[in-house]
Amino acid sequence: MMVSASPSLIARSSLEEMLDSLRRRDEGEKPKELPPALPARPTSKARLPSARRSLPNNFKVEDAEGSPECLSSLNKRKERDSGFKAGHFGVKRMDKDQNVESPYDGAPEECQIRPEKIGKSDWDDNIGYFINKKLHVWCRLRSGLWELGTIQSTSGDEAIVSLSDGNVIKVCRVELLPANPDVLEGVDDLMQLSYLNEPSVLYNLQSRYSQDVIYSKAGPVLIAINPFKDVQIYGDDFVTAYRQKLADIPHVYAIADSAYNEMIRDDVNQSIIISGESGAGKTETAKIAMQYLAALGGGSCGIEHAILQTSCILEAFGNAKTSRNDNASRFGKLIEIHFSTLGKICGAEIETFFLDKSRVARLEDGERSYHIFYQLCAGAPSMLKEKLKLKRASEYKYLNQSNCLAIDGVDDAEKFHMLMEALDIVRVSKKDQEHVFSMLAAVLWLGNISFQATENENHVEVLADEALTNAAMLMGCSSQDLMLALSVHEIHGANASIDKRLTLQQAIDARDAWAKFIYASLFDWLVEQINKSLAVGKCRSGRSISILDIYGFESFQKNSFEQMCINYANERLQQHFNRHLFKLEQEEYELDGVDWTKVDFEDNQECLNLFEKRPLGLLSLLDVESNFSKANDLTLADKFKQHLNANSCFKAERGRAFSIRHHAGEVLYDTSGFLEKNRDPLPSVSIQLLSSCSCQLLQLFASKVVKQFQKPDNTSCQINSLDPPKPSTGIKFKGQLFKLMHHLEGSRPHFIRCIKPNSKQLPGVYEVDLVLQQLRCCGILEVVRITRSGYPTRMTHQEFAGRYGFLLLGAGVPQDPLSLSIAVLKQFNVLPEMYQIGYTKVYLRTGQIALLEDKRKQVLQGIIGIQKYFRGNQARHHFHKLKEDVLGEKAGRRAGARETLDDPQNSKKLHPENAKFKQKAGRKNSEVKVLPIKICHQIWQSFKGGCFRLKQLWSERKRKMLNCRGNYDSLRQDGQNMMQR
Ligand SMILES: Nc1ncnc2c1ncn2[C@@H]1O[C@H](COP(=O)(O)OP(=O)(O)OP(=O)(O)O)[C@@H](O)[C@H]1O
């Protein structure tokens, strides 16, 4: 279930656009019958600061209403004093709260958004225009769907609309929105739409999707709609096309390409952040991006193949079939690909987050556990099966409880063979592979261990059957020890410890805790092994591209601790998105003195406060409650209600339930199991047993837990489920998330929003409502609005002048970068509304830089043409001269040689062959064609000398060419002339 901005709010943006056009019309800028214009650009009031002007601490600008308002801190203080309240289009203000944690450096963020200055909505005049011209409008039907139609007439608040299917209906005017002309159907970038409103965006994407065009742009964000089928837009040819910039339609390749080029060009780390709900295509998109980067940065060491193979391993161990996706990732993943100074991949590092281990022991109907279990049972060679005492998947309780053992179209045995190959490529040794498979089998056998009640119904004993024997054998412990560990709980008193027999439920929980612990530890260990294998070599440049594929927002009928953590992570990512696409962008305009009307956006800081505030935030309260042995899920829910009610994102519900208003919608949570999952206990006896097992992996896993229990002063503390010194799951997760945000903040982000077109995972089906919810929850319309009215290209005055200054001609070219930049913009007729000059940077609207780059390219090509001609001429001249020299020298030598040969004194110096030849032929000396060795050598030396001199001349000429400013200027002049011609 998702909730988003109400339609009227979204509609407002397009109304606003129309109003602007109407205003223009009223001002007499346009004749009466012109269609509503494109969204108004703020008129440029670019101030031209002096070249060395620095930004004063409290500089003032005029707001749109003319009242001077101090920016930055002054501005913020004023708004705080006026006490604006949060609201969609109103002002949203988050007070600086000392108790709110932030993963960003410095003080907690203060978020303020000024009200958007929107005039009164008035659609009437426009409706008149649409009626006259019989232009299409979008009409919202009772079903909520939008349909195209034309307005026939209006009366009061109502309008009669003739729909495209022939029906004529009466609707409220507020249900009408302007449609774009046909020529704009299916545009690549939503920025190109004249009317930016929900139905236009929705149907633009649908029109593309119906033609298998799955990628579109929303300004800087790539929208990827899952095709649920193979589309022929990947592979070598496409890679080459994007690499050589021959293709420019939106694509993951284009995003990966810009990330790579920006990393090389600007020496800045990059990140590709892929988000979307479960089944939207994040993991596939991440793989496609990785494939492109591997093609671009693949080197001789072949590490890129190993990196690509990690997907196969991680999917086997971390993905499972859920009701929403046959291959759902049940963990978050950040893969950081490192590059050498030459731009070649030199290693990678994978970080994983929050594996959903509950899936190991408990499955919902129709879902599966992790793929690897089914793959192992189906594909293991018979020898291995024998060794692990493996049976078919259907014989294991952990796998057969959900009535789903296979996935349509997936061959688990084949997948197992692919996995073995991948493990080999990633250099996980055969011995380690065997250890991994034994652990998996041990988990499966553990799940088959059953209990029987003894004495009274309260206590249990473990059944001594093949499950117990096999599990103990695979773990490397005795069956007796395992029986004891699963049926007895050790309680540490002040002076002694006592054994308490477990009830049936406790025994089942203990067994499942073991299985989950082993599986989660195995997963972490495997990731460690992969990281060792992909470790970055010495040639690292420190530059990297990180790809984040993290679980999307989740909202089921029953939502538990896992969903809360996942949705919390999504809130953090949403803030990163907001920060970069809305907040930092607008802040930069303000600080650099750019004339700018703020665009509103939905801030989720309040929701983050709900989670992170201390001591009265969700995670802190959960942690405190987890430390009380008498606390239960109901007392926890009460605590939440008692302390969190003041937060507008929290809603108390009956009993154990509570709701959170997430940015993507309201979710109802049930606290059942929260405390247990947050504590994540493992009875002390289990750790002791694991440490004593002969299986090395288990020993290693146990030692890691013991380390967690160690006190900061390194003295070990008693491991007891009553002692909770181990960090709780929630706090650990928060720590991981903060680390992730730090990492992302250190890189330049590229956002990809994956959209799931239908919930049945079918190709060609586009469910409008589902898509709309997803577009709303990631604020796509707002991104387009900001980008469209913003200045996506910016360069410092120095950079701009350095890059384009040379295009100016004449003696009066200004010298300081600011004046030079302005002169360039004027020279090339960049319209004033298409740029702004800030205190430090030049800001350009979309498309303007391409214009300047074109000019630059033309001039450079002209220059290169002249240079080529000039150099060619020089080279020819020198070559002819050298040739003459060599020939002259040769002729001289020949003459000398003839004289030498004619001298009978020298005849004995002749080469024996020559002498023989000379005698045999009986020719005259002057006719001799073969020269003496010495002379041959002399000529050769002279020729080599000539070549060497020629080379020297070449390099000298080249140096002179580069240094000679006069020459260069005249070349530039020639280039300009050529271009003008
Ligand atoms: N570009 C694509 N081309 C073809 N099929 C795709 C593409 N993207 C996704 N799919 C299909 O959609 C399925 C779900 O995609 P994927 O597993 O990447 O979703 P996800 O967003 O990562 O989901 P989760 O969050 O549950 O892990 C894939 O198994 C694949 O069948």
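Whatever order the structure lists ligands and atoms in, that order sets their numbers, starting from 1.
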Name all residues meeting the salt bridge (charged side-chain N to carboxylate O under 4.0 Å, His left out) criterion together with Glu676; count only those two or more places apart in sequence or in a different chain, and write none if there are none. Arg679

Of all residues at least two apart in sequence or in a different chain, which pass the side-chain contact (heavy atoms from CB on, under 4.5 Å) check with Ile425? Ala306, Gln309

Can you run down the salt bridge (Lys or Arg N to Asp or Glu O under 4.0 Å) pairs that involve residues 202-215, sequence neighbours left out, and say none if there aren't any? Asp188-Arg208, Asp212-Lys229

Pair Glu554 + Arg330: basic N to acidic O under 4.0 Å: yes

For a quick check: using heavy atoms under 4.0 Å, what are the residues in contact with ligand 1, sorted by chain and number? Asn226, Pro227, Phe228, Lys229, Tyr234, Glu277, Ser278, Gly279, Ala280, Gly281, Lys282, Thr283, Glu284, Ile288, Asn325, Asn327, Ala328, Ser329

Residue that, paired with Asp680, satisfies salt bridge (Lys or Arg N to Asp or Glu O under 4.0 Å) out of Lys732, Lys357, Lys516: Lys357

State whether a side-chain donor-acceptor pair under 3.5 Å links Lys677 with Ser560. yes

